[in-house]
Amino acid sequence: MRFLVVEDEPRIAELVAGALRKAGFVVDVQQSVEDACHALDLFPYDAMVLDLGLPDGEGLDVLRATRVKGHRLPVLVLTARDTLEDRVGGLDAGADDYLVKPFASEELVARAKALLRRPGLALGIVLQAGRLALDTLGREALVDGRPLMLGRQELALLEHLMRRHGRVVPKAVLEDKLYGEGDEIASNAIPVHIHHLRRKLAEAGAGCGIQTVRGIGYFLTEEAQA
Amino acid sequence: MAHWRHSLEGKLILRLAGIHALALAIGFLALAQRHYLLRHGVSDTIVVWAFPLFAFAVLGVVIYTVRASLRPLIAASRQAAAIVPGAAGARLEPGRAPAEIMPFIHAVNEALERLDQAFQAQRRFTADAAHELRTPLAILTAGIEALPPGEAVTKLGEDAARMSRLVIQLLRVARLDSQPLPQMQAVDLAQIAAEVGGHMAPWIYQQGREVVLEAPDRPVLVHGDEEALSGALRNLIENAVFHAPVGTEVLVTVLPEGRLSVIDHGAGVPPEHRAQLFERFWRAHGMRRQGAGLGLSIVAAVAQAHGASIMVEDTPGGGATFTMDFPMR
């Protein structure tokens, strides 16, 4: 999978590219709006990491140009500004996610992977966490290659949690995803599914679990490999 | 000269001259009438009553003219009194003020313009400083991460993380000082608590603690700035996590009457420290704290800007409970 990193500060570019390469991606670095647009025309990148302040213009210009041309590649914006206006402005222009400097490279790689885990994107077909792999097209979950028997709703829950690995998925979002509008939802429907899912993951030794944030939602955790 | 006619002096001269001309004309007509009456042998009457009337007319015109001319000045004073810091673009309305006062109003407006520019320069400085400080910090953080793991490297990483937090908090303080809450609108405390709690939960889990939210299903609307409130809550939760023992939970509650609390089961805050707790850079003696002593001062500043009260109490069974009470709309 090939990443385009657009960043004019050479040390940051080097470190971002280094972190992504270590995670197994192929990385190209460009340092200006013009070069970035040119590179995007030449090669179908899988994702882009974009700095907002560039020597010949705003990073958002690159973003707008790509969106106008109809590229749907996911974009992670890096910025030193964290005010609400900047975030809203960037999301309006079509950014998929944000990372405010200074950031940990672990966080950068996690966010980049999360972007690619979206439906239809490079990592979005087979989701991975711990020893668990979830094939979103074949609709099956495997632990070390052995199939894990899950109900339809349990599989859907697991898929949403895996796509947003490392981040909390609000309970209300899961209810929306699992049930149609007008469906009668028992207040304990999600907790019951989570309970079963947790037991099955533990029994299979999946190397990952589901953490509850009471009053908010759930997130997927990876156990330290023993 | 149109300009001259709009001055208080000009108006007075013109209006008084008008009255005098009218009085002269009336006097002349009266004289002519008297002359005519005398000529035809009719008895003579002297119109003495005309003089007080004339004096009253002059007085009336002077009072009216001066009052009408100064009314825009009073309006301008009211506008000036209503100008608050951060109200960019506020100017005095000259209206129909007399020409003598115009230079003053223009001078005040120019001064306001210069103040606005200074405000903007300071805001730009905040943003520039953010950029300048964060980029090298990001390089430092990533550079430390790339080193082979070891005890010294872990410590360096913690130091860099602490510095990053300090820079972010300093910038929040600078922003609060330079631009008091630009986006006051109806915001939902329950939603803010869910977002901030959700965002911080994985980090809190890594720290070996848990976060729990208790909030009503309905929105709890208060008048406020979402970003500032999120920042304040983030600081309260961070503070609670640093002070809560490993394995305990930090409870965030939102009550329908506009009350936001962050409850931990740590050591609590002794009563003699509660007053200074919200001061900048204050830290308890002998405590190895991870913060810079800025977080709670930001919370206090945000609370004050929202007309909310902030207090700290003991959690039943041990620990600290920080509570913000917002005025309901």
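This one's a predicted model, so the numbers in the text were calculated from it and none came from an experiment. Any value given below was found using the heavy atoms of this structure, including those in side chains, with hydrogens, waters and symmetry copies removed. A, B, ... follow the sequence lines: proteins, then strands. Residue 1 opens every chain.
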Could you tell me which of B:I144, B:V211, B:L251 has the largest number of non-hydrogen atom pairs under 4.5 Å with chain A? B:V211
Shorter than 4.5 Å, heavy atoms on both sides: which option in B:V252, B:V212, B:L137 has the most such pairs with chain A? B:V212
Bottom line for B:E210: the part with an atom under 4.5 Å from chain A's heavy atoms is side chain
Side chain, backbone, both or neither: which part of B:A215 has a heavy atom under 4.5 Å from chain A? neither
Heavy-atom side-chain contact between A:L15 and B:I139 under 4.5 Å: yes
Taking atom [atom1] of [X] as the centre, does the number of heavy atoms from other residues, nucleotides or ligands within less than 6.0 Å exceed 12?
X      : atom1 : result
A:R198 : CZ    : yes
A:E175 : CD    : yes
B:E257 : CD    : yes
A:E34  : CD    : no

What side-chain donor-acceptor pairs closer than 3.5 Å can you find for residues 190-199 of chain B, not counting sequence neighbours?
unit_1 : atom_1 : unit_2 : atom_2 : d
B:Q191 : NE2    : B:E195 : OE2    : 3.0

Inter-residue atom distance B:L140.CG - A:R11.CZ, 0.5 Å rounding: 9.5 Å
B:F326: partners by ring-ring contact (aromatic ring centres under 6.0 Å, His included), with sequence neighbours left out: none
A:E14 portion near chain B, given a 4.5 angstrom heavy-atom threshold: neither
